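Note that the coordinates shown come from a computational prediction; the quantities given were computed from them, not determined experimentally.
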Amino acid sequence: MRVIGLTGGIASGKSLVAATFRELGAEVIDADHVARDVVAPGSPILGDIAAALGPSLILPDGTLDRRALADRVFNDPEARRTLNAITHPAIRARILEAIARIGRQRPDAVVIVDIPLLLDVTPADAYPLDGIVVVYADEGTQLQRLMHRDRLSEEEARRRLAAQRPLGEKIPAATWVIDNSGAPEATREQVVALWRRWQTAS
Ligand code: ADP
């Protein structure tokens with residue numbers, strides 16, 4: 001089994017690249033999905049968040065008020081650290097379990113672990129990775145795609161970009177870089193080429 005970390009910046013194209021790897025036969029673990037699972041209604045982690053950051057973050061139907069939480073942590077670094085300290089160990093444990101499960105079921109699999117905050121909040125050694133793919137798009141392109149996808153004003157999109165480690169700073173830690181500044185087809189070709197390299201190298 002080969003375990004590859006996939007990261008990039010917000011709207012740099014991680015989902016596009018992950019979907020292409022999945023089509024090619026990779027097992028994909030999506031850290032954002034895992035992050036949503038660990039705060040499902042009734043979960044202990046959700047209770048911990050309410051206890052630390054306020055019970056008003058739980059909606060009457062028992063679900064997490066994601067918008068209120070996002071607003072809160074976006075404007076308050078201390079709250080963001082608290083939230084990360086509560087959620088990240090649980091997310092990491094689930095991802096490690098998923099990797100182990102795939103290892104038992106498909107020992108020859110290529111596992112892509114899509115972790116937006118890898119090389120940012122999450123250090124590279126948090127997972128047993130054989131390499132890291134960074135999906136890059138130049139900042140202007142990233143900004144335009146973010147505004148379009150999430151229907152944000154330029155100012156809002158810039159604020160979200162500014163809250164992350166600049167994408168260019170992740171490049172030196174990459175084992176492989178996929179440049180998604182161009183057309184989706186050009187990105188797909190890079191993903192296929194990388195996939196073939198992995199097949200022949202194993
Ligand atoms: P991420 O998962 O890194 O946040 P996405 O894969 O969702 O980024 O891409 C961000 C947005 O840009 C999406 O709306 C997506 O459809 C669009 N997009 C991604 N890659 C390209 C591309 N090469 N050309 C045009 N649009 C793209």
Side-chain angles (χ1 to χ4, degrees), residues 1 3-12 14-15 17-19 21-22 26-106 109 111-129 132 135 146 149-152 156-167 170 173:
M1 182 170 65
V3 183
I4 311 287
L6 175 69
T7 192
I10 186 168
S12 78
K14 294 176 298 298
S15 305
V17 169
F21 276 127
R22 188 179 272 128
E27 297 279 349
V28 177
I29 300 170
D30 182 331
D32 280 345
H33 283 179
V34 176
R36 280 194 283 277
D37 277 355
V38 300
V39 296
S43 69
I45 298 293
L46 191 57
D48 292 346
I49 293 172
L53 299 175
S56 65
L57 290 172
I58 313 285
L59 293 167
D61 66 359
T63 59
L64 179 63
D65 188 342
R66 301 187 156 277
R67 180 168 284 269
L69 182 65
D71 287 346
R72 172 79 190 279
V73 300
F74 199 75
N75 296 307
D76 180 349
E78 187 56 39
R80 186 154 69 227
R81 275 191 289 275
T82 301
L83 177 68
N84 288 346
I86 294 170
T87 56
H88 285 193
I91 295 167
R92 178 167 176 274
R94 290 231 186 160
I95 290 175
L96 290 174
E97 277 168 29
I99 293 171
R101 194 166 49 245
I102 294 166
R104 289 191 298 274
Q105 292 167 352
R106 269 190 74 189
V111 184
I112 303 286
V113 195
D114 180 350
I115 311 171
L117 293 179
L118 188 66
L119 306 176
D120 187 328
V121 177
T122 306
D125 64 3
Y127 297 96
L129 300 174
I132 297 177
V135 184
L146 177 58
R149 184 191 64 187
D150 294 351
R151 300 176 190 284
L152 299 176
E156 284 172 313
R158 282 192 190 281
R159 285 209 313 150
R160 277 176 215 207
L161 272 178
Q164 296 196 326
R165 185 174 182 197
L167 182 45
K170 292 187 171 189

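- For N84, the side-chain hydrogen bond (donor to acceptor under 3.5 Å, both in side chains) partners two or more places apart in sequence, or in a different chain, are H88.
- For D125, the side-chain contact (heavy atoms from CB on, under 4.5 Å) criterion is met by P123, not counting sequence neighbours.
- Considering CG of L69 and CD1 of I58, their distance stands at 9.0 Å, rounded to 0.5 Å.
- Under the side-chain hydrogen bond (donor to acceptor under 3.5 Å, both in side chains) criterion, E27 pairs with R106, sequence neighbours left out.
- R159 is linked by a salt bridge (Lys or Arg N to Asp or Glu O under 4.0 Å) to nothing, counting only residues two or more places apart in sequence or in another chain.
- Applying the side-chain hydrogen bond (donor to acceptor under 3.5 Å, both in side chains) rule to R66 yields no partners; only residues at least two apart in sequence or on another chain are considered.
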What verdict does the side-chain contact (heavy atoms from CB on, under 4.5 Å) test give for D32 and D114, after you've listed the backbone C-alpha separation in whole Å, the side-chain angles of each residue and the deciding distance to 0.1 Å? CA-CA 8 Å; D32 280 345; D114 180 350; over 6 Å; no

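- By the salt bridge (Lys or Arg N to Asp or Glu O under 4.0 Å) test, R165 is found to be paired with E169, residues two or more places apart in sequence or in another chain being considered.
- Legend: side chain to side chain donor-acceptor pair (under 3.5 Å) pairs involving residues 51-65, not counting sequence neighbours, sorted by first then second residue: D61-T63.
- Taking R149 as the reference, nothing meets the salt bridge (Lys or Arg N to Asp or Glu O under 4.0 Å) condition, with sequence neighbours excluded.
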Residues 90-102 side chain polar contacts: donor-acceptor under 3.5 Å, at least two apart:
{"residue": "R92", "atom": "NE", "partner": "A126", "partner atom": "O", "Å": "2.6"}
{"residue": "R92", "atom": "NH2", "partner": "A126", "partner atom": "O", "Å": "3.2"}

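- Applying the side-chain contact (heavy atoms from CB on, under 4.5 Å) rule to L152 yields the partners L146, D150, E156, A157, R160; only residues at least two apart in sequence or on another chain are considered.
- Judged as a salt bridge (charged side-chain N to carboxylate O under 4.0 Å, His left out), the pairs with a partner in residues 74-88 (not counting sequence neighbours) are, in order, R72-D76, E78-R81.
- Looking at residues two or more places apart in sequence or on another chain, you find a side-chain hydrogen bond (donor to acceptor under 3.5 Å, both in side chains) between T7 and K170.
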